[in-house]
Student: 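Starting off with a structure, shown below.
Note that these values count all heavy atoms, side chains included, but never hydrogens, waters or copies made by symmetry. A, B, ... follow the sequence lines: proteins, then strands. Residue 1 opens every chain.
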Number of protein chains: 2
Amino acid sequence: MAETARHPAHRYGNRPTMKDVAARAGVGLKTVSRVVNGEAGVTPDTERRVQEAIEALGFRRNDSARVLRKGRTASIGLVLEDLADPFYGPLSRAVEEVARAHGALLINGSSAEDPDREQELALALCARRVDGLIVIPAGTDHRYLEPEIRAGIATVFVDRPAGRIDADVVLSDSFGGARAGVAHLIAHGHRRIGFIGDQPRIHTAVERLRGYRAAMEDAGLPVDDGWVSLGSTDPARVREATAAMLAGPEPVTAIFAGNNRVTVTVVRELAPRERPVALVGFDDIELADLLGITVIAQDAAALGRTAAERLFRRLNGSDDAPARIELKTVLIPRGSGEIPPSS
Amino acid sequence: MAETARHPAHRYGNRPTMKDVAARAGVGLKTVSRVVNGEAGVTPDTERRVQEAIEALGFRRNDSARVLRKGRTASIGLVLEDLADPFYGPLSRAVEEVARAHGALLINGSSAEDPDREQELALALCARRVDGLIVIPAGTDHRYLEPEIRAGIATVFVDRPAGRIDADVVLSDSFGGARAGVAHLIAHGHRRIGFIGDQPRIHTAVERLRGYRAAMEDAGLPVDDGWVSLGSTDPARVREATAAMLAGPEPVTAIFAGNNRVTVTVVRELAPRERPVALVGFDDIELADLLGITVIAQDAAALGRTAAERLFRRLNGSDDAPARIELKTVLIPRGSGEIPPSS
DNA sequence: CCGCTCGGTGACAACGTTGTCCAGGGCCTA
DNA sequence: TAGGCCCTGGACAACGTTGTCACCGAGCGG
């Protein structure tokens, strides 16, 4: 039979609205709104009737409509690289906790280290009108965010600085950490030290390499081209790089691994070898204590927390100039970094 | 200078709207909508003018309004325990990928294993009108979701079944996995085997204990009360439980650890001990290969993927009866589970 | 040459909520 | 008892978008 409704059924599966609740409770629409929002000016008796109607109908306020009216979503967005990476999980969780403390919900998405996907995600979050945005950049040009920032979406970058725009950024001292780690190896007698890092497009990779070079230069040591390898963290690539450095007449006696993904693969590659090779890795790893892996630890949770706090400070009206906040790293000696050179 | 605006400025930081774009392009509102949504029926010339206006103003469609009108948010929610846990990170990521393939955004939140927080989160997501919900239950009573499900929010549970409502659930074969793991220890000669698991409120903990008991019974072995410990995965608690089982005249010679958190702590506790103790852990762990930890591996990503696929099948209209999907586990021998009893 | 179709376009209502304003009734005071 | 005030409750518009429908002019067949 003819469906005569002028507008097709696009109501949320026939969810009750405040209007329905009002009708059932025999009160006005606005009174329901008042009860739902805990506003003053409602008789206890009226309130009870409304509550009962809400209960009976299973009413739940539609936040989309609320957002549309109020202009604030009480949610923030986080664009990161990969939620499955043990470095980003804790970071995200820390952001979530801060958001929760401010009554906001966190929406996060993985860019998979793809600049286009980063942009797509960030803009999708802006379209949802998140109040603020935290971004771990995959790309190097963030001018696409300018209209959003101008429109009032607070934005903070973490782990890596923004490209071509001026914005808050919270990062670890990659340069200093790497420099200290490599200096540690040098202090234990190494002269030929390899560096395996992430893609040169990534800021932290470049900074850590810079730290490596600085430490070598500090000690007056030369750096052979064959000792340095930047590229993807794909295990095959890293294994190959490791093997290459350890081959030939003058192999490296120690390796500095540029991040947690690299460290894991290098450890696996070194394990079966006879000749011991010293190793210091950037990023701490679970169970590294038992495996005796010396690392430069950065605090992922602190990064997230700091960035989120800065974001909410902005959301609460602060308009300081964009700042660069750098967190210290810690060298944790556990054995692998204290192996003397063997050759 | 009385601010005479009747309605205060609650527009999103003065973001341009379709109306603004229309005015600038000299066209009607609906035409802008058509261009933005790529609908047919717009002259190339008109489209160009609109695109230019969009560009110039930095317009971005307001998804809240869109959602309000369309009734679909193209987003799904995921309530999990803790994003920082290496088990849930990959699970969440897998869900995200499936969502992305369906053009949906994923919003996830951590319940911190607190039933109240689980409910608060799930309902908050429903208030945002996510199209579907995936829940890793912390609580044991999910009747609070009934109105939501009735209202059309597709819901799938993962890792643990729903409490007191009938709904889809995707889980690993905890019972079978634990049984196989304990049988493996028995096959290597162990007779006194300890079990350390998560809180008895948690379904997987109970199932794995059941598997442990079944394996012991299969072999006709008694189970001493002192060999079984269920409780939080807090390291101190687990260390204590481990120490207790290893003390006394008849200590256990092997331990079955109920999940990844427990395994990590037990490994740390066993490492410094002289007398070797066999160990099999539920859940695989990064670097467990190097440490030679035998595990019952479950595929977190597959859990998430399967649940998400089921969810989207429902969103696309499937109305099969709620099903229980169980994924197999795999025993990966790496050494720690093959240590013979020492006594 | 008229009427009809058809493609492009815009006016308008509606989605569900909240802010503003007004009405009515009860109560207190003069 | 009249006047005024406060307190509760409701009518209405607006948030920014999309679906529906109507309009207009061009092209075409009769």
Student: Below 4.0 angstrom from OP1 or OP2 of dG9(D), is there any side-chain N or O of Thr43(A)?
Tutor: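 Checking dG9(D) against Thr43(A), a side-chain N or O does come within under 4.0 Å of OP1 or OP2.
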Student: When you get a sec, tell me which of dT9(C), dT17(C), dT18(D) is the closest nucleotide to the side chain of Met18(A)?
Tutor: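 Side chain of Met18(A) sits closest to dT17(C).
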Student: Write down the distance between CD (Glu39(B)) and C1' (dG8(C)), rounded to a whole number of angstrom.
Tutor: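 After rounding, the gap between these two atoms is 13 Å.
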Student: Using atom CG of Leu68(B) as one end and atom C1' of dG16(C) as the other, report the distance to the nearest whole Å.
Tutor: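 Taking atom C1' of dG16(C) as the reference, CG of Leu68(B) is at 5 Å.
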Student: The criterion is side-chain hydrogen bond (donor to acceptor under 3.5 Å, both in side chains); which residues satisfy it with Glu97(B), sequence neighbours excluded?
Tutor: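 By the side-chain hydrogen bond (donor to acceptor under 3.5 Å, both in side chains) rule, Glu97(B) matches Arg117(A), Arg93(B).
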Student: Rounding to a whole Å, what distance do you find between Arg66(A):CZ and dT17(C):P?
Tutor: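 Taking atom P of dT17(C) as the reference, CZ of Arg66(A) is at 11 Å.
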Student: Roughly how many Å is it from CZ in Arg34(B) to P in dG16(D), rounded to a whole number?
Tutor: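 Value for this atom pair: 21 Å.
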Student: Under the ring pair (Phe, Tyr, Trp, His ring centres under 6.0 Å) test, which residues partner Phe312(B), sequence neighbours left out?
Tutor: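 Phe312(B) satisfies ring pair (Phe, Tyr, Trp, His ring centres under 6.0 Å) with His102(B) only.
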Student: Taking only residues at least two apart or on different chains, which pairs with a member in residues 42-52 of chain B satisfy salt bridge (Lys or Arg N to Asp or Glu O under 4.0 Å)?
Tutor: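 Matches after skipping sequence neighbours: Asp45(B)-Arg48(B), Asp45(B)-Arg49(B), Arg48(B)-Glu52(B).
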Student: Among residues 23-31 of chain A, which residues get a heavy atom nearer than 4.0 Å to DNA chain C?
Tutor: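 Residues of residues 23-31 of chain A under 4.0 Å from DNA chain C: Leu29(A), Lys30(A).
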Student: Can you tell me the distance, in whole Å, between the CZ atom of Arg128(A) and the P atom of dC15(D)?
Tutor: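 Value for this atom pair: 23 Å.
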Student: Taking only N and O in the side chain of Asn62(B), is any of them less than 4.0 Å away from OP1 or OP2 of dC15(D)?
Tutor: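 No, no such contact exists.
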Student: Do Arg61(B) and dG16(D) have a side chain to base donor-acceptor pair shorter than 3.5 Å?
Tutor: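 Looking at the base of dG16(D), it does not pair with any donor or acceptor on the side chain of Arg61(B) (distance under 3.5 Å).
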Student: For Asp320(A), give me all partners under side-chain hydrogen bond (donor to acceptor under 3.5 Å, both in side chains), at least two apart in sequence or on another chain.
Tutor: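 Scan of Asp320(A) (side-chain hydrogen bond (donor to acceptor under 3.5 Å, both in side chains), adjacent residues dropped) gives Ser318(A).
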Student: Taking atom types as they are modelled, would you say the side chain of Arg69(A) forms a donor-acceptor pair with the base of dG16(D) within the 3.5 Å cutoff?
Tutor: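 Not at all, since no donor on one side and acceptor on the other fall under 3.5 Å apart.
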Student: Ser33(A) side chain N/O closer than 4.0 Å to the phosphate oxygens (OP1, OP2) of dT18(C)?
Tutor: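 Checking dT18(C) against Ser33(A), a side-chain N or O does come within under 4.0 Å of OP1 or OP2.
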Student: Evaluate salt bridge (charged side-chain N to carboxylate O under 4.0 Å, His left out) for Arg324(B) paired with Asp168(B), printing each intermediate quantity in order.
Tutor: CA-CA 6 Å; Arg324(B) 175 196 182 93; Asp168(B) 283 320; over 6 Å; no
Student: Please give the angle, rounded to 10 degrees, between the axes at the start and the end of the helix from dC1(C)-dG30(D) to dA30(C)-dT1(D), where five pairs define each axis.
Tutor: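 Here the local axes at opposite ends form an angle of 50°.
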Student: How is Val42(B) classified with respect to the nucleic acid when contacts are heavy atoms under 4.0 Å: base, sugar-phosphate, or nothing?
Tutor: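 Sugar-phosphate: the residue Val42(B), judged by heavy atoms under 4.0 Å, touches backbone atoms but no base.
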Student: Using only side-chain N and O atoms of Thr46(A), determine if any of them is under 4.0 Å from OP1 or OP2 of dG9(D).
Tutor: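 For Thr46(A), the contact criterion (side-chain N or O under 4.0 Å from OP1 or OP2 of dG9(D)) is met.
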Student: Would you say the base of dG16(C) and the side-chain of Arg15(A) have a donor-acceptor pair closer than 3.5 Å?
Tutor: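 Answer no: no donor N or O sits under 3.5 Å from an acceptor.
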Student: Counting any heavy atom closer than 4.0 Å, what does Asp63(A) reach on the DNA or RNA strands: base, sugar-phosphate only, or nothing?
Tutor: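 The residue Asp63(A) makes no contact with any strand.
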Student: Begin with the C-alpha distance, continue with both residues' side-chain angles, and end with the deciding distance and a verdict on salt bridge (charged side-chain N to carboxylate O under 4.0 Å, His left out) for Glu120(B) and Arg100(A).
Tutor: CA-CA 11 Å; Glu120(B) 176 193 327; Arg100(A) 184 175 145 83; 3.2 Å; yes
Student: Just so I know, are the side chains of Val95(A) and Arg305(A) near enough to count as touching, which here means a heavy-atom distance under 4.5 Å?
Tutor: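 Of all side-chain heavy-atom pairs linking Arg305(A) with Val95(A), none is under 4.5 Å.
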